[in-house]
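A note on names: the letters A, B, ... follow the listed sequences, proteins ahead of strands, and every chain is numbered from 1. Scope of the values below: all heavy atoms of this structure, side chains included, with no hydrogens, waters or symmetry mates.
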Amino acid sequence: MRYSQTLIPTMKETPEGAEIPSHVLMLRAGMISQVMAGAYSYLPLGWRSLRKAEAIIREEMDRAGAVELHMPALTPISLWQRSGRVDAFGDVLIQFKVRRRNQDAHLALGPTHEEIVTDIVARYVNSYRQLPITLYQVQTKFRNEERPRFGVLRTSEFLMKDAYSFDASVEGLNASYQRMYDAYCRIFDRCGIEYLPVEAESGPIGGDASHEFMVPAENGEDSVVHCGACGYAANLERAEIGPRDTTASTAEPKPLAPLDTPGASTIEQVTKLLKCKSTKLIKTIIYTADDEPIAVLVRGDHEVNEAKVRRAVGAARLALAEPDVIEKVTGAPVGFAGPVGLSIPIWADEDVRVMSNAIVGANKADTHLVGVNLERDFSVTTFADLRNADADDACPRCGKAMKLRKSIEVGHVFKLGTKYSEALDARFLDDQEKQHAVIMGCYGIGVNRILASLIETCHDENGIVWPLALAPYEVVVSPLNVSDQETLAAAESLYDELAAAGVDVLLDDRDQRPGVKFKDADLIGIPLRIVVGGRGLKNGELECKWRWKADAEMIPLAGAAETIVGLVNAEKANPTALGPRAKS
RNA sequence: CGGGGCGUGGCGCAGCCUGGCUAGCGCGCUUGACUGGGGGUCAAGAGGUCGCAGGUUCAAAUCCUGUCGCCCCGACCA
């Protein structure tokens, strides 16, 4: 492509409103253009990169035996009603009515496609002989995000690769899941992304049923814990916590005493009022577990993990108790609950075991108790791991301290089970003529997020540093002075040869000063830059520079195309791009 | 949904508090000349309903009210 004939509106300045590197650089490099909050046009350069990511995904999906199809973004609301997800999605589901033959057709834009694909399988797959099968598509998804943000990272319309596996047995599901998991690793490896497959909350299926593929990045919206020693990684909802600090306090037990704390109903207010650390408080939260009230205790600086509580208690349903239940159980308004004198089951996180002279709610309005001690003042029904993991918690595998890392979720694999196949009647007959619901898995990749997370971790002060795999163009040929016939002719013939050899090459044929061309090439991050200038031509040489290297090297003009093709192929085969280390 | 910020040529900003000449500056753009290895110089230009609506005033980019849009923090996120 000739630079003069495409549209690459680079910007010297950062548009107002863009703050994180991927957003700033995608705008400045002329890759995207905002249409409204949460919706972007992909300009030619951005579109090329997006298509490269898509192509890698397709190749690896196909290699893993998945079959591509294409479903509509437009869907009937009835499908979502059948699965019960109209309510589950709430306002996130974009729905509307259109007039058709004087009737209202109630439609929704697909936020994901479990219902649609399951309906297809329900229609056409009836026998175990047709299983297993994995179907996938690359499709635009629509979600009415409460708050679109961070450029292309969270938008209301985005490109997603979604795959769905259908199996006749749990063993089959496990095999399909593993194939997708492996394919995901290959995809992100090929994209040059540094990623972490983490254990994720798996919902009712339990077990090893869900992994998220996370890219550690400062501006990520999610947090994962990661053990640098053994590699254990999990999202906060899922992370187990290793051995706790069991050193009992040596402090002399103080007498139990009430204290007036008017209006202080939150941990923050209490710590401010009493000028104490939140680690001295015991947070008492009343839940209803299958409609029975229970109290859950965690240290003041910790957060209750509802999934852990639900599993520990063995409840099907767990919810924060309604205010009237809390008042009935504790005798106090919300914010003053405490374990002393409670008559409902008390579940406590392990860390509560070693607390002494704690501060708790007094089960009385505007009052807290100080000098509270386990056994003497209250007892706990059961101790368990009930809280979210945090930085410096011990790794459950090796016991070393874990780190908390902000991350971007780029992929998610999930064993679904029969939730949708049952709701939408996707059943098959086994070889005994017995009918079963098809067992499903679903696997998503945010294509836009691949680009954003790559840029987020691979840029320097001059711009994007693309790996060859995702770069919109692999090579840019820059004649420094296009009004010099010799320079232009040399650049054009090199450009023709490279293009003929199948290299994605951009010819910067603009009548611009060298500085402008260099700055733009760096900003848009083309991996290999070939400079055709009078200085080199005199010696029969071209300058050749990788975006991620500090220095250029000279190559002979004669046979330059072959040399460059060789360099590109070598880089493709064995990437040396600095990756995240290029970060400024 | 709670909190905060911003809307002024294509882009980035100043002006607003304390109302008053023809609304400025940088970048970009057009034309010409010079220049030609890291966003060059000179000259001449084009381009703005100051987000929108209403109000106050002799007079509104500036003050008041409403409204729309965008961004950030938090809550939420199959």
When you compare B:rA75 with B:rC63, how far apart are their P atoms, in angstrom units rounded to a whole number?
-> 34 Å

RNA chain B: A:Gly536 or A:Tyr40, which has the more 5' nearest nucleotide?
-> A:Gly536

Determine the interatomic distance between C1' on B:rA61 and the same-named atom on B:rC52; round to the nearest Å.
-> 14 Å

Separation of the C1' atoms in B:rU62 and B:rU56, to the nearest angstrom | 13 Å

With no hydrogens and no angle check, do the side chains of A:Ser4 and A:Asp509 hold a donor and an acceptor under 3.5 Å apart?
-> yes

Sequence neighbours left out, what passes side-chain contact (heavy atoms from CB on, under 4.5 Å) with A:Ala471? Give chain and number order.
-> A:Trp466, A:Pro527

A:Leu488 CG to B:rG36 P, in whole Å, measures 18 Å

Determine the interatomic distance between P on B:rC29 and the same-named atom on B:rG39; round to the nearest Å.
-> 15 Å

If you measure from the Lys or Arg side-chain nitrogens to the Asp or Glu carboxylate oxygens, is any gap between A:Asp349 and A:Lys308 under 4.0 Å?
-> no

Nucleotide paired to B:rG47 in any strand shown, Watson-Crick or G-U, under 3.5 Å | none

Could you say whether A:Ala18 or A:Pro15 is positioned toward the 5' end of RNA chain B, judged by the nucleotide with the nearest heavy atom to each?
-> A:Pro15

P-based separation of B:rU65 from B:rC73 [nearest Å] = 28 Å

G-U wobble or Watson-Crick pairing nucleotide for B:rG9 (cut-off 3.5 Å, both distances) | none

Side-chain donor-acceptor pair under 3.5 Å between A:Gln137 and A:Asp162, yes or no?
-> yes

What pairs with A:Thr10 under side-chain contact (heavy atoms from CB on, under 4.5 Å), at least two apart in sequence or on another chain?
-> A:Tyr3, A:Ile8, A:Asp520, A:Leu523, A:Ile524

Give one of base, sugar-phosphate or nothing for A:Ser483, where a contact means two heavy atoms less than 4.0 Å apart.
-> base

Could you tell me the separation between the CD atom of A:Glu553 and the CH2 atom of A:Trp546, rounded to the nearest 0.5 Å?
-> 9.5 Å

Report the nucleotide, chosen from B:rC27, B:rG38, B:rC13, that has the shortest atom-to-atom distance to any side-chain atom of A:Glu16.
-> B:rC13

Any donor-acceptor N/O pair under 3.5 Å between B:rG36 base and A:Asp511 side chain = yes

Which nucleotide, B:rG38, B:rG39, B:rG36, lies nearest any side-chain atom of A:Asp520?
-> B:rG39

Searching all strands shown, indicate the nucleotide that pairs with B:rG74 (Watson-Crick or G-U wobble; both distances under 3.5 Å).
-> B:rC1

Using only heavy-atom distances, decide whether a donor-acceptor pair under 3.5 angstrom links the side-chain of A:Arg529 to the base of B:rG38.
-> yes

Tell me yes or no: between the side chains of A:Lys415 and A:Tyr443, is some donor less than 3.5 Å from an acceptor?
-> no

Got a sec, which residues hit side-chain contact (heavy atoms from CB on, under 4.5 Å) with A:Ala73, two or more places apart in sequence or on another chain?
-> A:Gln139, A:Phe142

Provide, to the nearest angstrom, the distance between the CG atom belonging to A:Asn481 and the P atom belonging to B:rG40.
-> 16 Å

Set of ring pair (Phe, Tyr, Trp, His ring centres under 6.0 Å) partners for A:Tyr181, sequence neighbours left out | A:His211, A:Phe213

Rounded to whole Å, the CD1-P distance (A:Ile8 to B:rG10) equals 23 Å

For A:Leu523 and B:rC11, what is the distance between atoms CG and C1' respectively, to the nearest whole Å?
-> 14 Å

In whole angstroms, how far is the C1' atom of B:rG36 from the CG atom of A:Leu480?
-> 9 Å

Could you check whether A:Asp484 gets within reach of a base, just the sugar-phosphate, or nothing at all, counting any heavy atom under 4.0 Å?
-> nothing

Distance-only side-chain donor-acceptor flag, A:Glu157 / A:Thr155, under 3.5 Å = no

Can you tell me the distance, in whole Å, between the CD atom of A:Glu461 and the P atom of B:rG38?
-> 17 Å

B:rG38 and B:rA23, which share atom name P, separated by this distance in whole Å = 41 Å

Output for pair (A:Gln269 CD, A:Ser265 OG), nearest 0.5 Å, gives 4.5 Å

Rounded distance in Å - CG (A:Asp551) to C1' (B:rG38) = 15 Å

Inter-nucleotide P distance (B:rG36, B:rU41), Å rounded | 15 Å

Give me, pair by pair, the N or O atoms of the protein and of nucleotides 29-32 of chain B that are less than 3.5 Å apart, along with how far apart they are.
none

Watson-Crick or G-U wobble partner of B:rG54, both distances under 3.5 Å | B:rC64

Interatomic distance where CD belongs to A:Glu13 and P belongs to B:rC27 [whole Å] | 10 Å

Passing option when A:Glu221 is tested against A:Arg147, A:Arg149, A:Lys406 for salt bridge (charged side-chain N to carboxylate O under 4.0 Å, His left out) | A:Arg149

Scanning all shown strands, the Watson-Crick or wobble mate of B:rG36 with both distances under 3.5 Å is none

Contact pattern, 5' to 3', of nucleotides 73-78 of chain B - B, S or - by protein heavy atom under 4.0 Å | BBBBBB

Which value, in whole Å, describes the distance between the P atoms of nucleotides B:rC42 and B:rU35?
-> 16 Å

